[in-house]
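Counting starts at 1 for both ligands and their atoms, in listed order. This chain uses plain numbering: 1 for the first residue, then up along the sequence.
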Amino acid sequence: MLSMEEPNELLGSIQFEDTSSITVPESLIDQVIGQEEAVEVIKKAAHQRRHVMLIGSPGTGKSMLGKAMSELLPVEELQDILVYHNPEDNNNPRIRVVPAGRGRQIVDAHKMEARKKVQTRNMFFMLIVMGLIVYAYYTGQLLFGIIAAALIFLSMRYLIPKEDVFIPKLLVDNSGKKTAPFVDATGAHAGALLGDVRHDPFQSGGLETPSHERVECGAIHRAHKGVLFIDEINTLRLESQQSLLTALQEGMYPITGQSERSSGALVRTEPVPCSFIMVVAGNLDAVQGMHPALRSRIKGYGYEVYMRDTMEDTVENRDKLIRFVAQEVVRDGKIPHFTRDAVAEIIREAKRRSGRKGHLTLMLRDLGGLIRVAGDIARSEGAPLTEARHVIEAKKMARSLEQQMADRYLERRKEYSMYKSSGDEVGRVNGLAVIGDSGIVLPIMAEVTPAQSKEEGRVIATGRLQEIAKEAVTNVSALIKKLQGEDITTKDVHIQFIGTYEGVEGDSASISIATAVVSALEGIPVKQSVAMTGSLSVRGDVLPVGGVTQKIEAAAQAGIKTVLIPKSNMGDVLVDESIRDKIEIIPVSNISEVFEYSLAGQRSKLLEKLRRFATEKKIGISIPDGIPSPAMSIL
Ligand SMILES: Nc1ncnc2c1ncn2[C@@H]1O[C@H](COP(=O)(O)OP(=O)(O)OP(=O)(O)O)[C@@H](O)[C@H]1O
């Protein structure tokens with residue numbers, strides 16, 4: 001029996017009145033919560049300059065770890081990078097590396113010198129022109145004087161090189177930096193990643209811009225001696241990944257124009273240093289879409305970490321979450337601190353969102369979102385502290401897009417009575433599914449007809465759930481064969497998922513499909529006040545599924561009275577108080593129990609048959625003796 005915990009039971013061991021008295025660690029690495037393994041790796045990798053790949057769910061702290069790593073790198077090693085005009089080859093600008101802070105001084109010194117030169121030259125020019133004009137005036141050849149002055153002006157403009165050519169450009173400026181650079185190159189195109197040379201529309205006639213001035217550095221260069229962070233590396237083009245690999249291996253990468261049609265493509269600098277540590281992040285897809293050579297480079301010269309989605313619900317970890325609330329308040333800077341009760345409400349939500357018994361969620365970006373919304377509500381009310389009621393209000397407001405979609409969808413369904421929560425009906429089952437992080441009731445209809453094709457029957461299902469439907473039908477076919485004495489594979493089984501749309505994840509619909517099919521085949525009605533979720537093995541065992549809490553919430557909201565969930569999922573049920581009295585939760589471990597609770601009327605014959613087959617041990621399903629144990633309400 002689960003009960004709601006009092007706020008004090010939810011809090012950890014830290015004594016506090018409100019979060020303002022909680023000390024937030026200064027360094028980012030100490031602020032990371034629940035990812036001890038990743039933190040250890042980041043520390044080690046920073047020390048040994050190794051690359052890191054962080055794989056896991058969004059919002060678990062991957063970019064935070066990348067940033068934290070840059071704080072751990074020695075700031076004394078930082079350098080500035082300058083690009084100079086090359087008098088021997090204008091298209092091959094020179095590169096010079098100096099200690100951080102020197103770059104700006106050098107550029108300033110060159111600018112000063114250039115200004116002095118220009119002043120001297122202008123003075124010289126003025127003197128000559130004035131001399132000429134005086135001479136022309138006295139000799140009466142004014143026109144000649146003006147022409148001569150113009151010629152001198154043009155020769156100075158076009159023949160003498162401009163002073164700015166000699167002023168280097170500061171490509172990478174690390175002056176005054178307190179930490180090593182952290183450069184996020186997520187989704188960067190080739191130019192932004194590897195550097196580029198701008199196009200020059202005036203390529204001659206004294207109007208051209210010196211090529212070194214058109215050189216722009218890339219993220220890899222800005223990350224020199226720091227961290228280059230790339231999320232969703234699979235979205236980077238393979239060519240870019242290849243170049244990234246070269247940059248990693250060489251620690252240098254020349255800059256050239258990325259567009260072939262631009263005049264920048266003619267320019268190629270000397271190799272520019274880019275000795276960075278790469279932190280790659282993403283989900284498992286990112287690993288698959290990654291250039292194999294790049295992956296093997298990280299494997300060979302670095303670490304791979306799989307991020308945690310949840311942490312154990314211990315006093316120590318609750319303390320960390322309390323600190324997290326304080327951290328987020330401080331980071332936001334505008335919202336009021338949280339009271340004890342408000343923090344307890346956040347911890348309750350962290351438990352709920354973990355979806356696992358005895359765990360707390362580590363999807364902390366989302367939880368941080370809830371903290372901010374609650375804080376905003378408190379602030380808009382002018383409250384000095386964020387209270388529990390603000391958090392409860394925020395939970396309603398800060399619903400994810402998927403949740404809002406599901407609610408809207410539910411409203412529409414209610415209007416059109418697309419689902420039923422009372423009465424009995426043959427071949428119709430209230431299944432449960434999850435969209436995003438929200439549950440929905442997913443009615444399933446089954447109809448069994450003689451096969452149209454002579455060779456074999458088919459499973460006909462709508463939409464993307466075809467595969468799941470097939471699997472469920474295959475799993476129950478052995479059972480049905482025994483029950484009916486006939487082969488279901490010689491029949492067509494039509495399955496309809498009512499009102500499904502893209503995004504419904506339905507692998508947990510198999511017991512619902514099995515029940516709908518058996519009901520249609522036997523003509524036994526199904527109680528519409530029951531909803532169910534669970535996977536099914538070929539032996540008839542009900543296997544665990546995800547998102548049970550959200551599914552139960554959805555069922556209760558839809559007015560369903562009883563919900564069947566896999567027995568092994570019982571520990572994952574963390575439903576809110578409001579749901580408590582609305583719905584009875586029955587754990588099931590076997591398909592016979594599912595039938596027992598969901599079929600109405602004539603089911604005893606069917607169950608008797610099931611039992612007989614079980615005792616004959618012809619099929620491997622275990623049937624409970626007598627009437628299955630009384631419904632266990634866990635709320
Ligand atoms: N483990 C954590 N400890 C403390 N704060 C965290 C943690 N994970 C996330 N956060 C909070 O959430 C914010 C966002 O996290 P972050 O951007 O690092 O996630 P991510 O894993 O990189 O997500 P994505 O892959 O979507 O970019 C952080 O700035 C921090 O406030």
Thinking salt bridges, do Arg308 and Glu36 make one under a 4.0 Å N-O criterion?
no

Side-chain H-bond candidate by donor/acceptor type, Arg237 with Gln241, under 3.5 Å:
no

Ligand-side contact atoms (ligand 1) for residue partner [X], heavy atom cut-off under 4.0 Å:
X      : value
Gly59  : 8 (N), 9 (C), 19 (O), 20 (P), 21 (O), 23 (O), 24 (P), 26 (O)
Gln31  : 3 (N), 4 (C)
Glu328 : 30 (C), 31 (O)
Ile33  : 1 (N), 2 (C), 3 (N), 4 (C)
Val32  : 1 (N), 3 (N)

Just distances here: any N/O of [X] and N/O of ligand 1 closer than 3.5 Å?
X      : result
Asp231 : yes
Leu362 : no
Ser63  : yes
Met64  : yes

Arg340 to Phe16, cation-pi by 6.0 Å centre distance and 45° axis angle:
yes

Please report which non-hydrogen protein atom sits nearest to atom 10 (N) of ligand 1, along with the residue it belongs to and the distance in Å to one decimal place.
Leu364 CB, 3.7 Å

What's the shortest distance from atom 12 (O) of ligand 1 to any protein heavy atom, and which residue and atom give it?
Arg365 CA, 3.3 Å

Of the non-hydrogen atoms in Asp80 and Arg104, which two are nearest, and what is the gap between them?
OD2-N, 4.2 Å

Please give me the minimum heavy-atom distance between Met307 and Ala38, naming the atom from each residue.
SD-CB, 4.2 Å

Over 12 foreign heavy atoms within 6.0 Å of CD, Glu381
yes

Atom CD of Glu312: over 12 foreign heavy atoms under 6.0 Å:
no

Check each of Lys357, His359, Arg318 against Asp313 using the side chain to side chain donor-acceptor pair (under 3.5 Å) test, and report the only one that passes.
Arg318

Candidate with minimal heavy-atom separation from atom 20 (P) of ligand 1, of Lys62, Arg331, Lys67:
Lys62

